[in-house]
Amino acid sequence: MDVPEAAAVRVRIAPSPTGFAHLGTASTALYNVLYARQRQGSFTLRVDDTDIERNRPEYEQLIYEALHWLGLDWDEGPDKGGPFAPYRQSERIDLYKQHAVKLLAEGKAYKCFCTPEELEAERRQAQAEKRPYKYSRRCLIDPPKDRSQFTVRFKVPGGEIKFTDMIRGEMTFDAGLIGDFILVKSDGYPTYQFASPVDDSTMKISHVIRGEEHLSNTPYQLMIIDALGYERPQAFAHMPLILAKDGAKLSKRKHPESNLMLYREQGYLPEALINYLALLGWNPGTAQEIFTFDELVRVFSFDRVQHAGARFDWEKLNWINGEWIRGMDDAELAGRLEPFLSSLDKATIMRAVPALKTRMTKLADATEYLDYLEQDPEPPALDPDSIERLKLAAEAIKDVPWQPEPIEHALEEVVARTGISKNKLYTPIRLALTGKKVSLPIHYTLALLPREVALERINRMVRS
RNA sequence: GGCCCCGUCGUCUAGUGGACUAGGACGCAGCCCUCUCAAGGCUGAGAUCGCGGGUUCGAAUCCCGCCGGGGCUACCA
């Protein structure tokens, strides 16, 4: 009963541990996971650590941490194992070598002894002659006999390379324009263009979902898959790039917002980041803006993916994060707030949440509203009228049950009795308690502080 | 330079030849609510659909050219 279309869906991401975990990695992971869940397929995490110069184990941990935080968990990976282990390219070197040897033996690849300087000279020459550069094939035609250091080059067969992109449709590339490229570096490590197709083939990847920067890499990889006699993936999907405000691809060096951990530190909810990422480059075709992960799994499709790159926008992310915060259950939100308010006990946080909820765009915002609980403010300078009002307020609330509502009623009673406006009555209290002009509603500002502390901060103003 | 992808309000986008006086969201402005700040409600400003030619009775939507942006073109991935 095996129908070709029903073949197992196997997708993957292959991030490089060459720095902090990148926003683009999360985005690509999201689309892969969405597709895998939709098609009951599996999602593999493969670590692309063939750049021995830049690659670091701790960066790999950062990738794990970020992806777990976002809930984008994988079925197979270096830390989990799986039927196609190992999942770290540095541990698959023998496999690449075997494949290189095979191509060499079949005359589909050849050793190149050219030095980087010679190559550079070729390139410059081509540029000077305003001619598109392609490797000269001098080591294919007439290899030098006196050298030992070499790379392995693929002998590009030429012709047309066609493939299906789930977003852009049928793609055609002219391989005649592609020069013989390097498969194995002189340090024995494979290049990305070689390792990627070997892994995708041997790991039986069915759909390659990745960023658009790889669109023009696809013909390179397809030629290798063909030369090796492997079956090609069923389809590719090249997602639009996430662009920085300046319109360039988000880069680790130039754009700090590409650092995934930044979002966790600032108190963005993983749900909200996922939600925002999904909407960057894709739309549901409806007016819905807020999506849970499960909803995304249900409605996501590649034919509603945008073709053009999308600029990253903090404002929209902030709004989505706020929507998630406001929509969250109080107890749940209190739990999420705890790491940001480590000096406060759980009960206090819980009592603050109802008032805090509509005032945060990110969890870290809570600290500005609540730091007066821990830090006694410098007593503000108040005019005599304000001092009088503080007296009135202190008198009204000193014996009231210490909860927001009774406090609110007591103060409103003062307003009703004296005709003093709420603004004139509450502002001095706010200043006395927090030293700031902005705080939670006054009854919360009061109630969150122990009664004695609150009254003392008021009374010392009256005394002075 | 060559190849590839792309081009609708500031941003994310809807739109696939007539219902488009181009819709929504974020942001922005104003008003309402209001003890501050938010949240919420209402209203509004904001896009000659990159430009120029076609095709057509009719084009944001199809074709050509140009311009602009991005990606790839590495012994980075």
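Lettering follows sequence order; numbering is per chain, from 1. All heavy atoms count here, side chains included; hydrogens, waters and symmetry mates do not.
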Any donor-acceptor pair under 3.5 Å joining the side chain of [X] to the base of [N]?
X         : N      : answer
Arg359(A) : C37(B) : yes
Ser216(A) : C72(B) : no
Thr358(A) : A38(B) : yes

Taking the [atom1] atom of each, how far is [N] from [M], in whole Å?
N      : M      : atom1 : value
G23(B) : C9(B)  : P     : 13 Å
U8(B)  : G41(B) : C1'   : 30 Å
A22(B) : G69(B) : C1'   : 24 Å
U43(B) : C35(B) : C1'   : 26 Å
C51(B) : G7(B)  : P     : 14 Å

Ignoring hydrogens and geometry, is there a side-chain-to-backbone donor-acceptor pair from Asp330(A) to Pro354(A) under 3.5 Å?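 The answer is no, because no donor-acceptor pair under 3.5 Å joins these two groups.
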
With a 3.5 Å distance limit and no angle check, can you tell me whether Thr445(A) reaches the backbone of Leu440(A) through a side-chain donor-acceptor pair?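 Side chain of Thr445(A) to backbone of Leu440(A), a donor-acceptor pair under 3.5 Å: yes, one is there.
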
Over-ring placement of Arg153(A) relative to Tyr135(A), 6.0 Å and 45° cut-offs: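 Yes - Arg153(A) lies over the ring of Tyr135(A), closer than 6.0 Å to its centre and within 45° of its axis.
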
Looking at Phe113(A), does the NZ or CZ of Arg147(A) lie under 6.0 angstrom from its six-membered ring centre and within 45 degrees of the ring axis?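 Because its charged atom misses either the 6.0 Å distance or the 45° angle limit, Arg147(A) does not stack over Phe113(A).
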
Using 30° and 60° as the class boundaries, would you call the ring planes of [X] and [Y] parallel, tilted or perpendicular?
X         : Y         : result
Phe302(A) : Phe300(A) : perpendicular
Phe312(A) : Trp314(A) : perpendicular
His214(A) : Tyr192(A) : tilted

Nucleotide nearest [X] (side chain, heavy atoms from C-beta), chosen from [options]:
X         : options                : value
Met171(A) : C6(B), C72(B), C4(B)   : C4(B)
Trp319(A) : G27(B), G70(B), C75(B) : G27(B)
Val438(A) : C37(B), G70(B), C3(B)  : C37(B)
Glu213(A) : G71(B), C37(B), A39(B) : G71(B)
Arg54(A)  : C12(B), C76(B), G70(B) : C76(B)
His214(A) : G40(B), G24(B), A77(B) : A77(B)
Thr191(A) : U13(B), A39(B), C75(B) : C75(B)

Whole-Å distance between [N] [atom2] and [X] [atom1]?
X         : N      : atom1 : atom2 : result
Leu177(A) : G71(B) : CG    : P     : 20 Å
Asp246(A) : U11(B) : CG    : C1'   : 14 Å
Gln306(A) : U13(B) : CD    : P     : 5 Å
Lys316(A) : C9(B)  : NZ    : P     : 15 Å
Asn217(A) : C72(B) : CG    : P     : 8 Å
Asn318(A) : A25(B) : CG    : C1'   : 15 Å
Leu215(A) : U73(B) : CG    : C1'   : 13 Å
Gln288(A) : G23(B) : CD    : P     : 22 Å

[N] phosphate, OP1 or OP2, under 4.0 Å from [X] side-chain N/O:
X         : N      : value
Lys185(A) : A77(B) : yes
Arg123(A) : C75(B) : yes
Asn283(A) : A14(B) : yes
His307(A) : C5(B)  : no
Arg304(A) : G15(B) : yes
Arg311(A) : G10(B) : no

Report yes if some heavy atom in the side chain of Arg46(A) is under 4.5 Å from a heavy atom in the side chain of Gln89(A); otherwise report no.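 Yes, close enough: below the 4.5 Å cut-off.
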
Do Leu356(A) and Tyr444(A) make a side-chain contact, defined as non-hydrogen atoms from C-beta onward lying under 4.5 Å apart?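 No. Closest side-chain heavy atoms not under 4.5 Å.
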
Pick the closest RNA chain B nucleotide for Pro132(A) and for Leu243(A) by heavy atoms, then say which residue is nearer the 5' end.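 The residue whose closest nucleotide sits nearer the 5' end is Pro132(A).
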
On RNA chain B, does the nearest nucleotide to Lys130(A) precede the nearest nucleotide to Asp51(A) from the 5' side, or the other way round? Give the residue.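 Mapping each residue to its closest nucleotide by heavy atoms, the 5'-most match is Lys130(A).
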
Between the protein and nucleotides 30-35 of chain B, which nitrogen or oxygen pairs are less than 3.5 angstrom apart?
from: C35(B); atom 1: OP1; to: Lys422(A); atom 2: NZ; distance (Å): 2.7
from: C35(B); atom 1: O2'; to: Asn423(A); atom 2: ND2; distance (Å): 3.2
from: C35(B); atom 1: O2; to: Arg430(A); atom 2: NH1; distance (Å): 3.1
from: C35(B); atom 1: O2; to: Arg430(A); atom 2: NH2; distance (Å): 2.9
from: C35(B); atom 1: N3; to: Ile442(A); atom 2: N; distance (Å): 3.1
from: C35(B); atom 1: N4; to: His443(A); atom 2: ND1; distance (Å): 3.4

